[in-house]
There are 2 protein chains.
Amino acid sequence: MSTILDVAKLAGVSRSTVSRVISGNGVVKSETRDKILHAIENLNYSPSYFAQGIKTGKTKMLAMLIPDYSNLYYGEMYRGIEQVALENGYMVMICNTDKSSTRERIYAEELRKREVDGIIYNTYKRNKDNIDYFTKLSKQMPVIFMDYIDDKDIDVPYVLSEGFESSKKAARYLVSKGKRRIGYIRVPPYISVVQHRYEGYKQGLIESGIEPDEELVYQCPDNEVGKTHLDVGFEGALFLMNKPNPPDAIMTSTDIMAVGAIKYLNGAGYKIPGDVSVVGFDDIALATIVEPSLTTISQPTRKIGEVAARILLAKINGENDIEDQIIFEPEFIVRGSTD
Amino acid sequence: MSTILDVAKLAGVSRSTVSRVISGNGVVKSETRDKILHAIENLNYSPSYFAQGIKTGKTKMLAMLIPDYSNLYYGEMYRGIEQVALENGYMVMICNTDKSSTRERIYAEELRKREVDGIIYNTYKRNKDNIDYFTKLSKQMPVIFMDYIDDKDIDVPYVLSEGFESSKKAARYLVSKGKRRIGYIRVPPYISVVQHRYEGYKQGLIESGIEPDEELVYQCPDNEVGKTHLDVGFEGALFLMNKPNPPDAIMTSTDIMAVGAIKYLNGAGYKIPGDVSVVGFDDIALATIVEPSLTTISQPTRKIGEVAARILLAKINGENDIEDQIIFEPEFIVRGSTD
DNA sequence: TTGAAAGCGGTACCAA
DNA sequence: TTGGTACCGCTTTCAA
């Protein structure tokens, strides 16, 4: 690998001048610039990220914390992030926290040491320590949350899609289809984003003249290690369908849970949507793969990733007066699991 | 952030001594070491990766090139890699090449510039330029291929699982189940690993006294941009089932293609496995989610990732006399799509 | 518009 | 067993 000195020699200038043209700071006569550009070309030179970083403090590296690699929701988000990152000379590291708050912290520490320029924080569950930690971190470096923090005292950047209205709409739709006993499978209310979806479901029932029935809500037990949303969906459906008065429709917090529910229902011989309708949330690719295809609420997931990345990059570049709390409105999509 | 100098001052020693304890090179009296360790603790000091890297040339960073983020096969492999990496103070960057040879090159260039310590190379298709490029690269830095290179003149490290025997076994199994017209859906023979699977399928038929019939083989057209294995599987099944003499079983190069085929077959009203059996390859999580669950050939995917990472780390640490061409034998797993 | 030179935060050689 | 010091490759004043 050639160094800046090699380039300088070949171009017959000093290191400083070469540095000016690669960093884009300062003025260089265009002839000189051309000479240097040629030298760079000839030597196939590229500046060392180490040496650059040691002065600028920039790694040109973003990190994305995700709780579960196997949920392709994050994969879709990643594509949006990756695209924006690449366009701007950044790379992004995926950090799989495996739904563990501890691993979130461990990764965050490691990322701090590695001085990544920004962090995209997807969490699975909230504990107060981690909220505090990442909130504090967000004051020191660019961090963007992909979830609400309900605490009004905490002000952090975020990008997410709202779930209340769309879930309400879905619930009302099920009622319009003649369903009356509409169940819900959910994770514990750690995650605000997901909590809003649940509230929308309840409100939809109320507005349709149906009293929400706690009996029809399955909330997965706390702290089940190694359990995926898929498992939760399966178990939730199992639990609800074996009640004395089972539901005739099931809504879920996420698509992957809905897929788990469908898996159970198919296996147990229920007709979907005849016996039971199913509605998910997210619109991951899997939604059109399962049989029947899944009615769901579609998030602009890729777009969410793009926007998050742009906000992060803006902050990294010192633009602090940008809009950094963005909420998307998702879209209700009807497929075979309800029609 | 405190620097090595702060630590040195607080501990009352020189930078050199501090450096010795953090890098682990050289001998330090244990009292001195303790003093330094305390100082490090107190200052919450961690060495700058930049400054370390500039001297050592090590980024403590691995990269994993994958052709398709949405294929969870790579997700599973990643988990194995991540685990080994983390244990050794490394982080791994996922680079999604989107099945594009050009993007493979672009990423490789970028990784070279960023001086990652090692590369795990998963490709989708082979073009000679890229084989040459990565082969050459593997002489300059640790690179591990997750695929065969059939060219005997090319000697590179690899980890993979062999597909010949297991595919043969699967074909024979289908015959034992009374199937006679066994089709195959495959990608073009770019990828040697996948080619071996196909050869095994043919050999299995031959050994069962059935003449392989080209008519029953669907090979996805070259260079279909934006098409996933899922699409290929769907189209392959569509193509094969609409022949005058359709198959009564279908084998595929990958699970995700098999899932696409199942999607088509379900939609078109075929009974699986009654009308058509389906066999995949990989054993990704999706295999047990689809209806019916997928008979497949199970790779020790996570293990493959672990082994690849270990080889890479060994090479990074200068151990060049290690076994670096590893082949796993996968396992045939019978599920609902054949029984 | 350009060059000289002082760092940035480490590592590693050499001498003590 | 330790300290002094010359780098590593680049950025960034400051002067010319």
Exercise for the section: Compare all side-chain heavy atoms of B:Phe145 with those of B:Thr135 and state whether any distance is below 4.5 angstrom. Expected result: yes
Exercise for the section: Determine whether A:Glu76 and A:Gln299 make a side-chain contact, defined as any pair of heavy atoms from C-beta on separated by less than 4.5 Å. Expected result: no
Handout entry: Boundaries of the chain B footprint along DNA chain C (any atom under 4.0 Å from a heavy atom)
Key = C:dG9 to C:dC13
Over how many whole Å does the gap from [X] atom [atom1] to [N] atom [atom2] extend?
X: B:Lys35; N: D:dT2; atom1: NZ; atom2: C1'; result: 11 Å
X: A:Phe50; N: D:dT11; atom1: CZ; atom2: C1'; result: 17 Å
X: A:Ile54; N: D:dC7; atom1: CD1; atom2: C1'; result: 12 Å
X: B:Lys29; N: D:dT2; atom1: NZ; atom2: C1'; result: 10 Å
X: B:Arg15; N: D:dC7; atom1: CZ; atom2: C1'; result: 11 Å

Problem - Any A:Gln52 side-chain nitrogen or oxygen under 4.0 Å from OP1 or OP2 of D:dT11 - result: yes
Practice task
Return no unless some side-chain N or O of B:Thr32 is found under 4.0 Å from OP1 or OP2 of D:dT2.
Solution key: yes
Any base atoms under 4.0 Å from [X], or only sugar-phosphate, or nothing? Heavy atoms, all strands.
X: B:Val28; result: sugar-phosphate
X: A:Ser48; result: sugar-phosphate
X: A:Tyr49; result: nothing
X: B:Val18; result: nothing

Practice task
For A:Tyr74, enumerate each residue passing the side-chain hydrogen bond (donor to acceptor under 3.5 Å, both in side chains) test, keeping only those at least two apart in sequence or located in another chain.
Solution key: none
Practice task
Check the surroundings of atom NZ in A:Lys136: do more than 12 heavy atoms from other residues, nucleotides or ligands lie under 6.0 Å from it?
Solution key: no
Practice task
Kindly state which residues belonging to residues 2-10 of chain B come within less than 4.0 angstrom of DNA chain C, counting heavy atoms of the residue only, listed by number.
Solution key: B:Thr3, B:Ile4
Practice task
For a side-chain contact (heavy atoms from CB on, under 4.5 Å) with A:Ile144, tell me which candidate from A:Asn122, A:Val159, A:Val156 qualifies.
Solution key: A:Val159
Output one line per pair: protein atom, nucleotide atom from nucleotides 13-16 of chain D, and distance, for all N/O pairs under 3.5 Å.
none

Exercise for the section: Classify the side-chain pair B:Tyr121/B:Glu104 by whether it contains a donor and acceptor separated by less than 3.5 Å. Expected result: yes
Problem - N-O pairing of B:Glu82 and B:Arg79 below 4.0 Å - result: no
Handout entry: Pairing of A:Arg114 and A:Glu110 as salt bridge, 4.0 angstrom limit
Key = yes
Exercise for the section: May I ask you to check whether A:Tyr69 and B:Tyr69 place their ring centres under 6.0 Å from each other? Expected result: yes
Let me check something: any side-chain donor-acceptor pairs from residues 27-46 of chain B under 3.5 Å, sequence neighbours excluded? List them with distances.
{"from": "B:His38", "atom 1": "ND1", "to": "B:Asp34", "atom 2": "O", "distance (Å)": "3.2"}
{"from": "B:Asn42", "atom 1": "ND2", "to": "B:His38", "atom 2": "O", "distance (Å)": "3.4"}

Enumerate, atom names and distances included, each donor-acceptor pair closer than 3.5 Å involving a side-chain atom of residues 309-320 of chain A, sequence neighbours excluded.
{"from": "A:Lys315", "atom 1": "NZ", "to": "A:Asp324", "atom 2": "OD2", "distance (Å)": "2.8"}
{"from": "A:Asn317", "atom 1": "ND2", "to": "A:Leu313", "atom 2": "O", "distance (Å)": "3.1"}

